[in-house]
Amino acid sequence: MSSRREVNAFNISFLDLLSGALGAVIILFVAVPKGGQEVKKKEPITVEKKLKEKNAALQAQVNALKAELKKNEVKIPIKAQTPIEAPPVKKEVVTEAVQTKGILDVDVGFKFKGKNIVFLIDVSGSMKTLDKMGQVKAGLKMLITSMPSDYQIDVIHFPGKRGARYYSLWSYTQKLGERQKKDVYRFLNRLNPKGATPTRSALKYALTKYPDLTDVVLLSDGAPTKMNSSEYDDIKDILSEVKKDNFKNIQINTIGVGAAFSLQSTTPASVFLKELAKQSGGFFYGF
């Protein structure tokens, strides 16, 4: 019996010793920090430092930009003063508008004296070359299309039909409604170049036939001829006669049809059209 008690006592004591040792190991394991844990504890500190450093760098950049903006704000008024000192272009446009007679219609694009207009179209044989007649038809159609309904017009071509010196669409001016515009388009489509250039007769008819006329627009590619012949007419005499017939101060505008008119030409046709427009305060264009 006594021997069994000793063995039990020894076993219990040995177990107590083992338990105590295991507890000490556990305490040491928990109490003593490991290498991996130390790195993990230091990481947030390192990130925080890096964030602070980046924050400081960004703040420095913001401060630098603010300083640059302040410098630019000082320079802006100086630059803005430069264009204000040079408005000569506007002054030139105003001066030109005052010196030019007539009304500039934004829709039409020409400066007419009024809105009662007769178009004189040269349909002589030379208008066949280089598709001059086609250019006149296309240009006039565009112009008529753009004209508001308060414009009154008539269209005359010279020479006229069957040996006549001229031929008119209505022989009086009409307001440009849709029906009237279609009549003009059909009239233009039927134009067929042939014959001479009796400009004198066509001008005289236009200046004396229409009581309320404000403008004449003459489109031609050549110098005037006598009646229905190929002999050139006297330009100075025509200009003098037109001046007498134009006692109502109708504005005569001229358009030279053909490439020669777009140059500084001194041909009889160019001189005639320019002088004719000049003496009545009209415009001249060459194309």
Side-chain angles (χ1 to χ4, degrees), residues 108-110 112 117-147 153-171 181-207 209 215-235 237-239 241-242 252-277 282-287:
V108 174
F110 291 109
F112 295 118
I117 304 166
V118 166
F119 292 93
L120 297 178
I121 306 173
D122 176 2
V123 294
S124 60
S126 59
M127 289 291 285
K128 285 183 180 180
T129 61
L130 302 174
D131 193 33
K132 295 175 188 175
M133 194 75 260
Q135 293 177 39
V136 168
K137 289 179 180 181
L140 273 181
K141 284 178 182 179
M142 290 179 66
L143 178 59
I144 298 301
T145 301
S146 67
M147 282 182 159
I153 75 160
D154 193 14
V155 186
I156 301 170
H157 69 73
F158 63 96
K161 297 178 178 180
R162 301 179 185 88
R165 287 169 286 179
Y166 49 81
Y167 182 84
S168 61
L169 173 59
W170 296 306
S171 298
K181 287 185 178 183
K182 289 179 181 178
D183 289 344
V184 174
Y185 302 151
R186 284 192 290 267
F187 183 81
L188 293 174
N189 289 336
R190 291 193 295 266
L191 296 181
N192 183 29
K194 60 180 179 180
T197 315
T199 312
R200 183 197 293 261
S201 300
L203 280 168
K204 190 173 188 68
Y205 176 79
L207 293 173
K209 173 68 178 178
D215 292 82
V216 168
V217 180
L218 171 63
L219 300 97
S220 179
D221 76 326
T225 60
K226 291 183 178 180
M227 302 299 286
N228 289 329
S229 72
S230 59
E231 183 183 353
Y232 286 116
D233 204 344
D234 187 335
I235 291 176
D237 189 55
I238 295 175
L239 292 172
E241 184 176 323
V242 167
I252 302 174
N253 312 289
T254 59
I255 298 177
V257 184
F261 290 98
S262 61
L263 306 173
Q264 296 296 327
S265 178
T266 56
T267 61
S270 181
V271 171
F272 171 67
L273 293 181
K274 289 177 181 177
E275 288 299 319
L276 184 62
F283 59 76
F284 165 81
Y285 289 106
F287 68 91

Next item on the list: Applying side-chain hydrogen bond (donor to acceptor under 3.5 Å, both in side chains), name anything that partners N228, two or more places apart in sequence or on another chain.
Entry: none
Margin query: Using modelled atom types and a 3.5 Å cut-off, is there a donor and acceptor pairing between side-chain atoms of D154 and backbone atoms of W170?
Written below: yes
Notebook entry, point to check: Donor-acceptor pair, N253 side chain versus F283 backbone, under 3.5 Å?
Noted result: yes
Item checked: Under 3.5 Å: donor-acceptor pair, side chain of T225, backbone of T197 -> yes
Next item on the list: Working to the nearest 0.5 Å, report the span between NE2 of H157 and CD1 of I121.
Entry: 8.5 Å
Notebook entry, point to check: For F287, what residues pass the side chain to side chain contact (heavy atoms under 4.5 Å, CB included) criterion, not counting sequence neighbours?
Noted result: Q135, I255, V257
Item checked: F110 and Y285 aromatic centres sub-6.0 Å -> yes
Note to self: If you apply the rule side-chain hydrogen bond (donor to acceptor under 3.5 Å, both in side chains), what do you find for S168 with S171, and how did you get there?
What the structure shows: CA-CA 5 Å; S168 61; S171 298; 2.8 Å; yes
Item checked: Those residues that, when tested against K137, pass side-chain hydrogen bond (donor to acceptor under 3.5 Å, both in side chains) (two or more places apart) -> none
Next item on the list: Quick one: list whatever passes side chain to side chain contact (heavy atoms under 4.5 Å, CB included) with D234, sequence neighbours left out.
Entry: K236, D237
Check: Between K141 (side chain) and N189 (backbone), is there a donor-acceptor pair under 3.5 Å?
Finding: no
Checklist line | side chain to side chain contact (heavy atoms under 4.5 Å, CB included) partners of R186, counting only residues at least two apart | finding: K182, D183, R190
Next item on the list: Not counting sequence neighbours, which residues clear salt bridge (Lys or Arg N to Asp or Glu O under 4.0 Å) with K226? List them please.
Entry: E231
Checklist line | Residues that Y232 engages under ring-ring contact (aromatic ring centres under 6.0 Å, His included), provided they are two or more places apart | finding: none
Note to self: Going by side-chain hydrogen bond (donor to acceptor under 3.5 Å, both in side chains), name the residues that satisfy it together with S229, two or more places apart in sequence or in a different chain.
What the structure shows: none
Checklist line | Trace of the side-chain contact (heavy atoms from CB on, under 4.5 Å) decision for M133 with K128 | finding: CA-CA 6 Å; M133 194 75 260; K128 285 183 180 180; over 6 Å; no
Item checked: V136 side chain reached by L191 side chain, heavy atoms, under 4.5 Å -> no
Next item on the list: Please report the C-alpha distance between T199 and I238 in whole Å, then the side-chain angles of each, then the deciding distance to 0.1 Å, and finally whether the side-chain contact (heavy atoms from CB on, under 4.5 Å) criterion is met.
Entry: CA-CA 9 Å; T199 312; I238 295 175; 5.5 Å; no
Margin query: So, using side-chain hydrogen bond (donor to acceptor under 3.5 Å, both in side chains) as the criterion, who are the partners of T145 when residues are at least two apart?
Written below: Y185
Check: Parallel under 30°, tilted from 30 to 60°, perpendicular over 60°: which one fits the rings of F119 and F112?
Finding: perpendicular
Next item on the list: Check the pair Y167 / F187 against side-chain contact (heavy atoms from CB on, under 4.5 Å), numbers first and verdict last.
Entry: CA-CA 11 Å; Y167 182 84; F187 183 81; 3.9 Å; yes
Next item on the list: Please identify each residue that fulfils side chain to side chain contact (heavy atoms under 4.5 Å, CB included) with A277, with sequence neighbours left out.
Entry: T254, F284
Check: salt bridge (Lys or Arg N to Asp or Glu O under 4.0 Å) with D221: which residues, sequence neighbours excluded?
Finding: K132
Item checked: Which residues share a salt bridge (Lys or Arg N to Asp or Glu O under 4.0 Å) with E241, sequence neighbours left out -> R200, K204
